[in-house]
Amino acid sequence: MSTLSQTLTELVQVAAAAAGHADAPVALEPCVPTTDPAHGDYQSNHAFRLGKALRTNPRQVAEAVRAALPAHPLVASVEVAGPGFLNFRLDDAALADALATAAADPRFGAPLPGAGRTLVIDYSSPNIAKRMHVGHMRSTLIGQALDRMFRFLGYAVVSDNHLGDWGTPFGMLIVAWDRWRDEEAFGDDPVAELLRLYQRFRAEAADDPALMEQARAETANLQAGEPRARSLWERFVAVSMAEFDQVYRRLGVRFDETLGESAYDAMLPGVVDDLLARGIAVEDEGAVIVRFDEADGKGLKDAVAVVRKRDGAATYTTTDVATIRYRMDRWTPDVIVYVTDVRQKQHFQQLFAIAARLGVQADLRHVAFGMLKLADGQVAASRSGGGLVSLVEVLDEAVRRARAVVDQRADEIPDEAERAAIAEAVGLGAVRYADLSQNPQSDVTFDWDKMLALTGNTAVYLLYAHARCWSMLRTAGVDPGTPRPLALIDPTERTLALSLLRLPEIVATAAEAARPNLLADHLFGLAQDFSAFYLACPVLKDDVEPAVREARLGLVAATARGMALGLELLGLTPLQRM
RNA sequence: GCGCGGUUAGCUCAGCUGGAUAGAGCGUUGGCCUCCGGAGCCAAAGGUCACAGGUUCGAAUCCUGUACCGCGCGCCA
């Protein structure tokens, strides 16, 4: 199946060729929805590019293309407007059929542009022995949404949680454990105890250099596989993972792989040797470094990455090179996506430049999202920033606020367990949508009220529209999965149908651009279109003719399906009642 | 110092990678429950898209410069 935009774009391509412009050196410009319904439904701006390339009046080119357009059932009329816009008006009956077909399809009529391609996506990646706080939220939520969208597009996706589970912090923890551990506290809240030990180590080591020496020795023991260090490390990892898993379960996040930095330790010496042997890295002041220049990218002028420190230890750059190698060997992915905050941008530029020199063929993408800031301007994810709100605390508060609203409807939803489930979906949805409805690259300021808002452009609005669809379907006794004919008469019905039919192309654009907010925006518009339809078009009222009622129920069912699809791709739980 | 990013309504942010009259939410003001769900709907007010040039049929979007703000910059990840 193809999208409306694809269908029209192909028509323009055929027409341009027929009009004698097949050789014009321009990329085909995809058809896009018009901004104003007065201009039709979709427009092509291709004539402007053609006109420029051919040095002719774009209006004339547009006329020629229009004259050469093959007939198509979807197209009701085509007009040339303004300086050379080609405006399409789509046929009502054909649109209705297209939507009916999409609504009956489990994939909502979406093509599979990712079919046959493998994509590794690396996100969340928290540090062992630390607590997930609000600063960790973005990678997890954005990554999860992209993960789901890429799967929907047909990619064979491998999601990988690249844990920070290796290195000197564990040497420090082992030393601190031996000296200051409180077994009882560890039993009650192991991660809190590990945090306490880590912080105490940092404080004491500031005055006692010998402690750092011990930590280095324990780190070396760990890396050498010394049993005691190893078993402590395993214990630390286990208790941390147990806590992370609770959060992941709650958020519906599921990884195919959880290969932390420790998984690559054995590969590191080989990586450094190889980089040296190939002349990619050189020795410098006792360390091994890679130098970059402007040929690697503007931002890498005079940049240097250390791949082996003077003390012989590898760095995270080395680990990341090893990780790319491993992924290429194991999955031969076409694409590898990293979801981290923007501060790591240069690191990834360097990493990708090294990969290019190694001949790695995959398309490496860094989704660099903006930082989460606190109200006072402090960066929430900074290592120095203590006293941060824990992620679980945010989620709990969100659910609590949602629960207060849901309980007001206790007469309609008497079942306590159902209200709890609704509050969970609404509360977590609010947090998720607050983040995903923003362009990832923007910084976000942590604001309880904004993040947990339940009115306006929020998850609630979308969930509510979906629940209202279901309410109508329940009343009418209609199963949205059953195919039914549609008819589009009222302008609000047409607008809603067009919005629904655009969903597949929006998902594709949002995933490739790594911007879940494009999908969030579209769903918000979809919910607004549904509201306009709901206001203008009675469905279940007594004076509605049976045929009209049936057709409108079909539209409602299609809306429910489209909304549910979009919500799930963003990680939200669509509710049939709330 | 060098590099990267940002600056759009009172506030928080979108703006489909150059298209037609710049949009939401919150807040403000004024209307909608004899109901197919008011967690909603309708309407109003609110803009020199930081500033100055440039590119072209056309710029919030691309280029150059300036001013602020943020982030990063070889042995942390």
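Residue numbers start from 1 in every chain, and the chains themselves are labelled A, B, ... in the order their sequence lines are given, proteins ahead of strands. Scope of the values below: all heavy atoms of this structure, side chains included, with no hydrogens, waters or symmetry mates.
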> Which of the following nucleotides, B:rA14, B:rC13, B:rA39, is nearest to the side chain of A:R409?
Replying inline: B:rA39
> Atom CG of A:L535 to atom P of B:rA43: distance rounded to whole Å?
Replying inline: 10 Å
>> Base, sugar-phosphate or nothing for A:N57? Non-hydrogen atoms, less than 4.0 Å.
In response: nothing
> Less than 3.5 Å between a donor and an acceptor, one on the side chain of A:Y316 and one on the base of B:rA77, is that the case here?
Replying inline: yes
> Partner of B:rG5 by Watson-Crick or G-U wobble geometry, both contacts under 3.5 Å, or none?
Replying inline: B:rC69
> If you count the non-hydrogen atoms of other residues, nucleotides and ligands that lie under 6.0 Å from CD in A:E412, is the total more than 12?
Replying inline: yes
> Are A:F85 and the base of B:rA20 stacked, counting only ring centres nearer than 5.5 Å and planes tilted under 30°?
Replying inline: yes
> Less than 3.5 Å between a donor and an acceptor, one on the side chain of A:R468 and one on the base of B:rG40, is that the case here?
Replying inline: no
> Does B:rG30 have a Watson-Crick or wobble partner in any strand here, with both distances under 3.5 angstrom, and which is it?
Replying inline: B:rC42
> Which part of the nucleic acid does A:V342 contact within heavy-atom distance under 4.0 Å: base, sugar-phosphate only, or nothing?
Replying inline: nothing
> What is the distance, rounded to the nearest whole Å, between atom CD of A:E29 and atom P of B:rG58?
Replying inline: 17 Å
> Which whole-number value in Å describes the distance from A:L351 CG to B:rA77 C1'?
Replying inline: 13 Å
>> Taking side chain to side chain donor-acceptor pair (under 3.5 Å) as the criterion, tell me which of A:Q350, A:K301, A:R357 meets it with A:D296.
In response: A:R357
> Can you find a side-chain donor-acceptor pair between A:T495 and A:D529 that sits under 3.5 Å?
Replying inline: no
>> If stacking means aromatic ring centre less than 5.5 angstrom from the base's six-membered ring centre, planes under 30°, is A:H39 stacked on B:rA20?
In response: yes
>> From the set B:rA20, B:rU21, B:rC76, return the single nucleotide nearest to any side-chain atom of A:K309.
In response: B:rC76
>> Taking syn as a glycosidic torsion within 90° of 0 and anything else as anti, which one is B:rG74?
In response: syn
> Which listed nucleotide (B:rG6, B:rG40, B:rU21) is nearest to the side chain of A:Q441?
Replying inline: B:rG6
> Mapping A:D311 and A:D521 to their closest nucleotides on RNA chain B, which lands nearer the 5' end?
Replying inline: A:D521
>> Without decimals, in angstroms, what is the distance between A:E505 CD and B:rC16 C1'?
In response: 10 Å
> Which of the following nucleotides, B:rA14, B:rG25, B:rG74, is nearest to the side chain of A:I289?
Replying inline: B:rG74
> On a whole-Å scale, what distance lies between the P atoms belonging to B:rA59 and B:rU21?
Replying inline: 10 Å
> What nucleic acid atoms does A:Q438 come within less than 4.0 Å of, heavy atoms only: base, sugar-phosphate, or nothing?
Replying inline: sugar-phosphate
> Which part of the nucleic acid does A:F524 contact within heavy-atom distance under 4.0 Å: base, sugar-phosphate only, or nothing?
Replying inline: sugar-phosphate
> Of the nucleotides B:rG70, B:rG72, B:rG74, which has the atom closest to the A:D284 side chain?
Replying inline: B:rG74
> P atom, B:rG47 versus B:rU56: distance in rounded Å?
Replying inline: 33 Å
>> Taking B:rG18 as the reference, what is the distance to B:rA77 when you measure between their P atoms (whole Å, please)?
In response: 39 Å
> In whole angstroms, how far is the C1' atom of B:rC13 from the CZ atom of A:R515?
Replying inline: 13 Å
> Is a donor-acceptor pair below 3.5 Å formed from side chain A:Q43 to base B:rA20, judging by atom type as modelled?
Replying inline: yes
>> Checking understanding here: a glycosidic angle within 90° of 0 is syn, the rest anti, so what is B:rC33?
In response: syn
>> Mind checking if A:P58 touches a base, just sugar-phosphate, or nothing, with heavy atoms under 4.0 Å?
In response: nothing
> Which part of the nucleic acid, if any, lies within reach of A:A305 when heavy atoms closer than 4.0 Å are counted: base, sugar-phosphate only, or nothing?
Replying inline: nothing
>> Expressed as a whole number of angstroms, how long is the span from A:D449:CG to B:rG27:P?
In response: 11 Å
>> Which nucleotide, if any, forms a Watson-Crick or G-U wobble pair with B:rC75, using both distances under 3.5 Å?
In response: none
> Checking A:R468 against A:F530: charged group under 6.0 Å from the ring centre and within 45 degrees of the axis?
Replying inline: no
>> Taking the six-membered ring for Trp, are A:H162 and A:Y338 closer than 6.0 Å centroid to centroid?
In response: no
>> How about CZ on A:R474, more than 12 heavy atoms from neighbouring residues, nucleotides or ligands closer than 6.0 Å, or not?
In response: yes
> Looking across every strand, which nucleic acid part, if any, lies under 4.0 Å from A:C537 by heavy atom: base, sugar-phosphate, or nothing?
Replying inline: base
>> Reading RNA chain B from 5' onward, which residue's closest nucleotide shows up sooner: A:V444 or A:P33?
In response: A:V444
>> Whether the side chain of A:N87 and the base of B:rA20 hold a donor-acceptor pair under 3.5 Å is what I'd like checked.
In response: yes
>> Base, sugar-phosphate or nothing for A:S442? Non-hydrogen atoms, less than 4.0 Å.
In response: sugar-phosphate
>> Taking atom CG as the centre, does A:D542 end up with more than 12 heavy-atom neighbours from other residues, nucleotides or ligands that are less than 6.0 angstrom away?
In response: no
>> I'd like the C1' distance from B:rA9 over to B:rG72, given in whole Å.
In response: 33 Å
> Of the nucleotides B:rC41, B:rG74, B:rC36, which one has an atom closest to the side chain of A:V304?
Replying inline: B:rG74
>> Tell me if the centroids of the rings in A:F170 and A:F236 come within less than 6.0 Å of each other.
In response: no
> Out of B:rC41, B:rC36, B:rC16, which has the shortest distance to the side chain of A:V539?
Replying inline: B:rC36
> Of all the nucleotides listed (B:rG19, B:rC36, B:rG72), which has the minimum atom distance to the side chain of A:L540?
Replying inline: B:rC36
>> Going by the glycosidic torsion and a 90 degree boundary from 0, is the base of B:rU17 oriented syn or anti?
In response: syn
> When the distance from CG of A:D293 to P of B:rC73 is rounded to whole Å, what number comes out?
Replying inline: 20 Å
>> What contact category does A:V32 fall into here, base, sugar-phosphate, or nothing, at under 4.0 angstrom with non-hydrogen atoms?
In response: nothing
>> Heavy atoms only, 4.0 Å cut-off, all strands: where does A:R577 land among base, sugar-phosphate and nothing?
In response: base
>> Closest approach to the side chain of A:F48, judged atom by atom: which nucleotide of B:rC35, B:rG19, B:rA39 is it?
In response: B:rG19
>> What's A:T475 touching, base or sugar-phosphate or nothing? Going by heavy atoms closer than 4.0 Å.
In response: nothing
> Given that both distances must come in under 3.5 Å, which nucleotide forms a Watson-Crick or G-U wobble pair with B:rG53?
Replying inline: B:rC63
>> Need the pair for B:rG37. Rule: Watson-Crick or G-U wobble, both distances under 3.5 Å, any strand; none if unpaired.
In response: none
>> Classify A:Q408 by what it touches in the nucleic acid, base, sugar-phosphate, or nothing, heavy-atom distance under 4.0 Å.
In response: nothing
>> Please tell me if A:N45 has a side-chain N or O lying less than 4.0 Å from either OP1 or OP2 of B:rG18.
In response: no
>> Please give me the minimum heavy-atom distance between A:L259 and A:D160, naming the atom from each residue.
In response: N-OD1, 3.1 Å
>> Under 4.0 Å, counting only non-hydrogen atoms across every strand here, what does A:A467 touch: a base, just sugar-phosphate, or nothing?
In response: base
> Considering only side-chain heavy atoms of A:M578, which listed nucleotide, B:rG37, B:rC75, B:rC35, is closest?
Replying inline: B:rG37
>> Once you apply a heavy-atom cut-off of 4.0 Å, does A:R291 come out as touching a base, just sugar-phosphate, or nothing?
In response: nothing
> Which base, if any, makes a Watson-Crick or G-U wobble pair with B:rC13, both distances under 3.5 Å?
Replying inline: B:rG23
> What is the distance from NZ of A:K345 to C1' of B:rC71, rounded to the nearest Å?
Replying inline: 11 Å
> Does any donor atom in the side chain of A:D447 or A:T445 lie under 3.5 Å from an acceptor atom in the other side chain?
Replying inline: no
